[in-house]
Each structure stands twice: as C-alpha cells, then as structure tokens.
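Comments concern the structure below.
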Amino acid sequence: MRVLIGGGSGFVGRELTRLLRDKGHEVTVISRQPGPGKITWGELESRGLPPCDGAVNLAGENLMNPLRWWNESYKKDLFSSRIDTTKALSQAIAASQSPPHSWVLVSGVACYKPSLTAEYTEDSEWTPFDFLSQLVKEWEEAALLPENVANNTKQVVIRSGVVLGRDGGAMKQMLLPFWLGLGGTLGSGTQPFPWIHVSDLAGIIAGSLEPPADPPSTSPQVYNGVAPALNTNYEFTKELGRILRRPTIFPVPGFVMSALMGSERATVLTEGQKVVPNRTLESGFQYKYPDLTSALKQIVEN
Ligand SMILES: NC(=O)c1ccc[n+]([C@@H]2O[C@H](COP(=O)([O-])OP(=O)(O)OC[C@H]3O[C@@H](n4cnc5c(N)ncnc54)[C@H](OP(=O)(O)O)[C@@H]3O)[C@@H](O)[C@H]2O)c1
C-alpha cells in the first residue's frame, strides 16, 4: 500500500511511518519542509494528489507548545494548521482521478464536554461549547469528502486522547519534573484523563487505512482513540511516580495551570472526559497497552 501522511514527521507520524514500513508499505510525508520521502503542502496544491492507496492527516501546530504564549496569534495557528492542511488533503482527494480507498483524520476528544460522570462513546451527540470543541468541529468538517467521492473512499475520524510515548507529546514534557520528584496531580486530580499509547494509536490508524470490506458509508466512521482503561489524573500521577520510584507530592492547582497555560488550553489537563472506545473494541483492535501500568512501563523502561 502507498500511504500519504500529512504531518508525518511528528510524534505520531514517526511511529505510524515505522509501523507501516515494517508491514512493507510505502510512506510519503507531506511537510512544510522539502526532503527525501516528502512532498510539501505547496506541491500537493500545485501538482495534486500523488498516487496513493491511503491518506492520513496528522499535521497541526502543537497545542502544548511550551514556547508559545496563549494568545490570538497562537489560537489562529492552531486552527489554520489543522483546518487548512485537512482541507488541502480532502480537496486533493476529491479532485484526484484515482482517489485512495481510505482517508483518515486524527482529531481529538476535546469535542466531548468535560464531566466527572458522563461517559462518551463514538455515538455520543455533541455540540461545540468552547474553543477546543469548536476547533474539533471545524477540523472534522474540513475532512468531509463530497458524496460522489465518499462512495469509493472510506472516511475515518479517530478522536485521540492524550498520546503517551517516549519520543514526544505530553510525556516528553512530564518526564523530567517527575524524575526530579516534582510531579504531582494537576487541578483536583479527580478529573478523567483520557490517554492512549502512541503505538496503539498508530495501530488504530494503520487498521483504518486497510481497504474497506464493503462499499464505504458516505459519512465518516468515528473511532475513539483512547485506551479502554478509564483513569483519573490522580491515578496517572501516582502510577507514573510509582514506576519512576519518585514522590508525587506537589499538586499544581488549577488556577496556576490556567495562569501558566491559558484557561482554554489548561482544560485539557485540569478537566477531562471519560471516553470509551466502544467502536474501536468492537472492530477487534487488540491494544498492546490497554492499562496505565503496561503503557508507562514501556515508556519509562525503554
Ligand atoms: N499528541 C497528542 O497528545 C495528541 C492528542 C490528540 C490529538 N492529537 C492530534 O494528532 C495529530 C498528530 O499529533 P502529534 O503529536 O504527532 O503532532 P506534532 O508532532 O506536534 O505535529 C505533527 C506535525 O505537524 C506539522 N506542523 C506543526 N506545526 C504546523 C503548522 N503551524 N502548520 C502546518 N503543519 C504544522 C509538523 O510537520 P512539518 O514540520 O513536517 O511540517 C509536525 O511534525 C495532531 O493533529 C494533533 O492535534 C495529538
């Protein structure tokens, strides 16, 4: 299979590329920078979609970029880096003479309203209620293919939780303070913490890229990209401390997180959703890291 990955140079994209190449597939990355095995977004626009059997979009300005202050220009970049790249790919697929059989977008669980009690499956209804949920709405809409193309191209949306892995994402920023014994719960700690190991997310994406068995439905198939274990921030914090053999006695109050990160962004960590991957499990996907202990051990001990 030939797979095109927008933003494939990033944390999730590197893991997905490794997995696909191990399975014998060919990968081309779409990037802002030219290079071997890559095309640029400008080339996609000017030359159209290169021949491919599957396409994925993972591009997006990092939401947890510690070097960027939470302001209008950052918020604009969060939107445009996701929506413009997703639109560029869906339009290139729609305009292609031979569109791929699968088109996958990785979005986020921020569409579900934070709650200590509600449990969200892929079938849960939602409407935007804040900055990040509005972002998810416009991002997923940007991926939609016209009906005549969707008849032949399977559309998949994977709503990912916080992606855990050694080479990037949240863990890259958390490991040092935890190693130094400065880790602690964020906010109250009782909030749900939807997470997934990067290797499992790559596995769900790779599975979604397989050709459809039946003619695809014209609306996207949604999968919650989270581990089946439902954990709180407290459980995550204590388990990471236990595996690292470090104390986790320095809670960071919610108002400090909001002051440091901006309240709209801090909600990802100080509030959370119980997200259940019903359809992912029903699809028969076998998690390598279904629980925190196995996921964190793999990350810390490798
Ligand atoms: N990591 C998580 O915890 C998490 C959770 C939920 C959802 N997601 C979503 O999953 C996708 C992949 O996540 P990731 O952690 O792999 O992302 P990442 O490493 O932060 O970024 C992926 C790629 O996006 C491209 N990119 C960055 N800023 C951009 C900009 N301003 N304009 C256009 N492209 C830009 C970069 O590629 P080039 O430099 O090659 O252009 C980068 O390698 C993202 O869309 C993210 O929102 C991630």
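All ligand and atom numbering here is 1-based and tracks the order in the structure.
- The closest side-chain heavy-atom distance from L105 to E140 is below 4.5 Å.
- Counting only heavy atoms of the protein, atom 42 (C) of ligand 1 lies nearest to S9 OG, 3.9 Å.
- Ligand 1 has V162 within reach: a non-hydrogen atom of the residue lies less than 4.0 Å from it.
- For atom 39 (O) of ligand 1, the choice among R32, M64, M171 with the nearest heavy atom turns out to be R32.
- Between the choices S31, S81, G6, the shortest heavy-atom distance to atom 40 (O) of ligand 1 belongs to S31.
- Side-chain N or O atoms of N233 include one that pairs as donor or acceptor with a backbone N or O of L186 at under 3.5 Å.
- Counting the atoms of ligand 1 from 1 in the order shown, those under 4.0 Å from a heavy atom of S160 are 5 (C), 6 (C), 7 (C).
- Remark: the Y112 side chain and the N224 side chain contain an N/O donor-acceptor pair separated by less than 3.5 Å.
- Residue F255 qualifies as open at atom CZ: its count of foreign heavy atoms under 6.0 Å is 12 or below.
- Nearest protein heavy-atom contact of atom 28 (N) of ligand 1 is E61 CA, 3.3 Å.
- Annotation: atom 47 (O) of ligand 1 to nearest protein heavy atom, R82 NH2, 2.8 Å.
- Taking 4.5 Å as the limit, some side-chain heavy atom of R242 sits within range of a side-chain heavy atom of T293.
- Taking a 6.0 Å sphere around CD of E210, one finds it holds more than 12 heavy atoms contributed by other residues, nucleotides or ligands.
- Closest to atom 23 (C) of ligand 1, if we only count protein heavy atoms, is G7 O, 3.6 Å.
- Residue K87 qualifies as open at atom NZ: its count of foreign heavy atoms under 6.0 Å is 12 or below.
- Ligand 1 has W139 within reach: a non-hydrogen atom of the residue lies less than 4.0 Å from it.
- Of the listed residues (G60, G10, G8), the one carrying the non-hydrogen atom nearest atom 24 (O) of ligand 1 is G60.
- Selection from L58, T86, I30 by nearest heavy atom to atom 22 (C) of ligand 1 gives L58.
- Using a 4.0 Å cut-off between heavy atoms, Q33 makes no contact with ligand 1 at all.
- Not a single heavy atom of G168 sits less than 4.0 Å from an atom of ligand 1.
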key: Step-by-step side-chain contact (heavy atoms from CB on, under 4.5 Å) determination, S73 to R68   = CA-CA 10 Å; S73 129; R68 291 203 66 176; 3.3 Å; yes

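- Around the CD atom of E141, the shell of radius 6.0 Å holds more than 12 heavy atoms that belong to other residues, nucleotides or ligands.
- Within the 3.5 Å criterion, the main-chain N or O of Y223 finds no donor-acceptor partner in the side chain of R279.
- Here the heavy atom of the protein found nearest to atom 19 (O) of ligand 1 is F11 N, 3.0 Å.
- The residue W195 has no part lying near ligand 1, judged by heavy-atom distances below 4.0 Å.
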query = Does the side-chain contact (heavy atoms from CB on, under 4.5 Å) test come out yes or no for F11 and L58, once each step is laid out?
reply = CA-CA 9 Å; F11 170 43; L58 299 172; over 6 Å; no

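- Nearest-heavy-atom check against atom 5 (C) of ligand 1 across G165, G161, P194, S107 picks out G161.
- Closest to atom 4 (C) of ligand 1 by heavy atom, among L16, N57, V163, L105, is V163.
- Less than 4.0 angstrom separates some heavy atom of V106 from each of these atoms of ligand 1: 10 (O).
- No path of Ile, Leu, Val, Met, Phe, Trp and Tyr side chains, each step under 4.5 Å between heavy atoms, connects Y287 with L296, placing them in separate hydrophobic clusters.
- Listed by number with element, the atoms of ligand 1 under 4.0 angstrom from any heavy atom of N62 are 20 (O).
- Ligand 1 has an N or O atom lying under 3.5 Å from an N or O atom of V12, backbone or side chain.
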